[in-house]
S.K.: 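Please find one structure pasted underneath; my questions will follow.
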Amino acid sequence: MWLLALVMLADSTHAFPLVVSRAESLEVTDAGAGAAAGAPVVLIPGLFGSAFAYRKVIPRLTAAGYRAIVIEPLGMGSSGRPEHADYCLTAQADRVAAALDQLGVTGAVVIAHQTSASIAYRLAYRRPDLVRGIVSLEGGPAEAAATPGFRRAMQLAPWIKLFGGMRLVRKKIRKSLIEASGDPSWVSDEVVDGYTAGAARDLDGTLKAFVGMARARERERLRPHLAQVACPVLLLLGGAPHTGGPPPAEVTLLAQSLPAFTVDTVAGAGSFLHEEQPGAVVAAVRRVTPSTASAAP
């Protein structure tokens, strides 16, 4: 099914690396651009994601008249993996801003998954001209690019190649995707290949980038700035039992700090709402900025 979606997008989608600073490039996938381009929706994948992760959402957005732009943060997907880059979330937000400036995009709805939602929140207060609304897919106000568990795992990075390499990575990613899902039937061999394609092309570079994320120190805390996020924010949570997702205290913090905040639960879904309930994600875009929604053809 996902192959069919990719074929349908082939004629209208352009994927390319975009240089945002010296030795740093981000992979961009632009769908629905052109003379009749609709309101922009920027999609930021999570840690193990790429444009592939949004393959079910992109065609729905373009069919509804939106321009869908996936920006893969540094070290993720097909973006660059410089070993000594600053991988903190603030630096990632500034890179996304630089990419949008080059693309001439302003006033976008930003969809972001898990920790990457913290990139979207930072982008919204640092460059409010770029963000019209945020749809957070199980993403809280993270203050670090990596969880404590991820940092512990990256201490073993030098041993990953020795103890299985990509086979071990695929096994771990599959397990993670299944545990984070309400209905894991979408996790096939082809999907696991899609989620691990970037690492398969450059495992050494991926591990070095992930170590950089694990060691990154945030140069600016998010929480004191949440009240400056003036755009509407819709947090979507999966209603089925699953791993991941923001703890209740973080949801409460968002509700108390953001000027325009809504939280909604999608029944039966886990953390990967864009995989299990892509229609709910597109509906959330309309809810955040109903005035920008285009009539579906």
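Below, all heavy atoms of this structure are taken into account, side chains as well, without hydrogens, waters or symmetry copies.
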S.K.: Return a table of donor-acceptor pairs under 3.5 angstrom between the side chains of residues 17-31 and protein atoms on other chains or two or more places apart.
M.R.:
from: Ser21; atom 1: OG; to: Glu24; atom 2: OE1; distance (Å): 2.8
from: Glu24; atom 1: OE1; to: Arg95; atom 2: NE; distance (Å): 2.7
from: Glu24; atom 1: OE2; to: Arg95; atom 2: NH2; distance (Å): 3.2
from: Asp30; atom 1: OD1; to: Arg67; atom 2: NE; distance (Å): 3.1
from: Asp30; atom 1: OD2; to: Arg67; atom 2: NE; distance (Å): 3.3
from: Asp30; atom 1: OD2; to: Arg67; atom 2: NH2; distance (Å): 2.6

S.K.: What is the minimum heavy-atom distance between Thr106 and Asp129, and which atoms define it?
M.R.: CB-O, 3.5 Å
S.K.: Checking side chain to side chain contact (heavy atoms under 4.5 Å, CB included) for the pair Leu89/Glu218: CA distance, chi angles, key distance, verdict?
M.R.: CA-CA 7 Å; Leu89 295 166; Glu218 202 56 51; 3.5 Å; yes
S.K.: Could you check whether Arg81 pairs with Asp202 (Lys NZ or Arg NE/NH1/NH2 to Asp/Glu carboxylate O, under 4.0 Å)?
M.R.: no
S.K.: So how far is it from Thr90 OG1 to Arg217 CZ, rounded to the nearest 0.5 Å?
M.R.: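 These two atoms lie 14.0 Å from each other.
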S.K.: I'd like to check Ile71 versus Leu43 (side-chain heavy atoms, cut-off strictly below 4.5 Å). Are they in contact?
M.R.: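 Side-chain contact under 4.5 Å: no.
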S.K.: Check Ala199 against Thr206 and note the closest heavy-atom contact, atom names and distance.
M.R.: CA-OG1, 3.4 Å
S.K.: Is there a side-chain contact between Leu236 and Val135 in this structure, where contact means two heavy atoms from C-beta onward sitting under 4.5 Å apart?
M.R.: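 The answer is yes, as the side chains (C-beta and beyond) meet within the 4.5 Å cut-off.
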S.K.: If you take all heavy atoms of Arg286 and Ala64, which pair is closest and at what distance?
M.R.: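 Smallest interatomic distance, heavy atoms only, reads NH2-CB, 3.4 Å.
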S.K.: Measure the shortest side-chain to side-chain distance between Arg127 and Val131 over non-hydrogen atoms and say whether it is less than 4.5 angstrom.
M.R.: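 They are not in contact (no side-chain heavy atoms under 4.5 Å apart), so the answer is no.
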S.K.: At what distance, to the nearest 0.5 angstrom, does NZ of Lys56 lie from CD of Gln277?
M.R.: 9.5 Å
S.K.: Check the pair Met166 / Thr196 against side chain to side chain contact (heavy atoms under 4.5 Å, CB included), numbers first and verdict last.
M.R.: CA-CA 8 Å; Met166 277 308 304; Thr196 57; 3.9 Å; yes
S.K.: I'd like to know if the side chain of Glu72 and the backbone of Ser78 have a donor-acceptor N/O pair within less than 3.5 Å.
M.R.: yes
S.K.: Search all heavy atoms of Pro45 against all heavy atoms of Val70 and return the closest pair with its distance.
M.R.: CD-CG1, 4.1 Å
S.K.: So, does Ser136 use its side chain to make a donor-acceptor pair with the main chain of Leu235 at under 3.5 Å?
M.R.: no
S.K.: Verify salt bridge (charged side-chain N to carboxylate O under 4.0 Å, His left out) between Asp86 and Arg215, making sure each step is shown before the conclusion.
M.R.: CA-CA 10 Å; Asp86 182 356; Arg215 294 175 176 172; over 6 Å; no
S.K.: Return a table of donor-acceptor pairs under 3.5 angstrom between the side chains of residues 174-181 and protein atoms on other chains or two or more places apart.
M.R.:
from: Arg174; atom 1: NH2; to: Asp189; atom 2: OD1; distance (Å): 2.2
from: Lys175; atom 1: NZ; to: Glu179; atom 2: OE2; distance (Å): 2.7
from: Ser181; atom 1: OG; to: Leu177; atom 2: O; distance (Å): 2.6
from: Ser181; atom 1: OG; to: Trp186; atom 2: NE1; distance (Å): 2.9

S.K.: Just verifying a value: how many Å separate Leu237 CG and Leu137 CG, rounded to the nearest 0.5 Å?
M.R.: 10.0 Å
S.K.: With a 4.5 Å cut-off on side-chain heavy atoms, are Tyr125 and Leu222 touching?
M.R.: yes
S.K.: Within the distance-only criterion (no hydrogens, no angle test), does the side chain of Ser79 pair as donor or acceptor with the backbone N or O of Gly75 below 3.5 angstrom?
M.R.: no
S.K.: Check whether any side-chain heavy atom of Val266 sits under 4.5 Å from a side-chain heavy atom of Val281, and report yes or no.
M.R.: no
S.K.: Give a yes or no answer on whether the side chain of Lys208 reaches the backbone of Glu83 with a donor-acceptor pair at less than 3.5 Å.
M.R.: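 Not a single qualifying donor-acceptor pair exists.
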S.K.: Between His113 and Phe272, is the ring centre distance below 6.0 Å?
M.R.: yes
S.K.: Output a table of donor-acceptor pairs, distance under 3.5 Å, between side-chain atoms of residues 249-258 and any protein atom two or more places apart or on a different chain; print 'none' if there are none.
M.R.:
from: Thr252; atom 1: OG1; to: Pro248; atom 2: O; distance (Å): 3.1
from: Ser257; atom 1: OG; to: Leu253; atom 2: O; distance (Å): 2.8

S.K.: Determine whether a donor-acceptor pair (N or O, by modelled atom type, separation under 3.5 Å) exists between the side chain of Ser188 and the backbone of Val191.
M.R.: yes
S.K.: Atom CG in Asp264, atom CG in Leu273: separation rounded to 0.5 Å?
M.R.: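 Those atoms lie 10.0 Å apart.
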S.K.: What I'd like to find out is whether the side chain of Leu234 reaches to under 4.5 Å of the side chain of Arg287, using heavy atoms alone.
M.R.: yes
S.K.: Could you walk me through whether Glu220 and Arg122 pass the salt bridge (charged side-chain N to carboxylate O under 4.0 Å, His left out) check?
M.R.: CA-CA 9 Å; Glu220 185 171 280; Arg122 286 172 163 82; over 6 Å; no
S.K.: What pair of heavy atoms forms the shortest contact from Ala120 to Ala112, and how long is it?
M.R.: CB-CB, 4.1 Å
S.K.: Report yes if some heavy atom in the side chain of Asp101 is under 4.5 Å from a heavy atom in the side chain of Leu130; otherwise report no.
M.R.: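 Yes, their side chains come closer than 4.5 Å.
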S.K.: Using the rule given for side chain to side chain contact (heavy atoms under 4.5 Å, CB included), can you reason through Val285 versus Leu61, listing the C-alpha separation, both sets of side-chain angles and the distance that settles it, and then say yes or no?
M.R.: CA-CA 9 Å; Val285 173; Leu61 286 171; 4.3 Å; yes
S.K.: If I take atom CD1 from residue Ile134 and atom CD1 from residue Ile119, how far apart are they, to the nearest 0.5 angstrom?
M.R.: 11.5 Å
S.K.: Tell me if a side-chain donor or acceptor on Tyr121 pairs with a main-chain N or O of Gly139 at a distance below 3.5 Å.
M.R.: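 Judged by distance alone, yes, a pair lies under 3.5 Å.
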S.K.: The test is side chain to side chain contact (heavy atoms under 4.5 Å, CB included); show your working for Val109 and Tyr66 and say whether it passes.
M.R.: CA-CA 10 Å; Val109 176; Tyr66 294 101; 5.9 Å; no
S.K.: Looking at side-chain heavy atoms only, is the closest gap between Arg132 and Val110 below 4.5 Å?
M.R.: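 No. Closest side-chain heavy atoms not under 4.5 Å.
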S.K.: Ring centres of Phe210 and Phe48 under 6.0 Å apart?
M.R.: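 Between Phe210 and Phe48, the centre distance is under 6.0 Å.
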S.K.: Within the side chain of His242, is there an N or O that forms a donor-acceptor pair under 3.5 Å with the backbone of Ala240?
M.R.: yes
S.K.: Measure across Arg55 and Phe52 and return the closest heavy-atom pair with its distance rounded to 0.1 Å.
M.R.: NH1-O, 2.9 Å
S.K.: Looking at CD of Gln114 and CD of Glu138, how far apart are the two atoms once the value is rounded to the nearest 0.5 Å?
M.R.: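 Going from the CD atom of Gln114 to the CD atom of Glu138 covers 7.0 Å.
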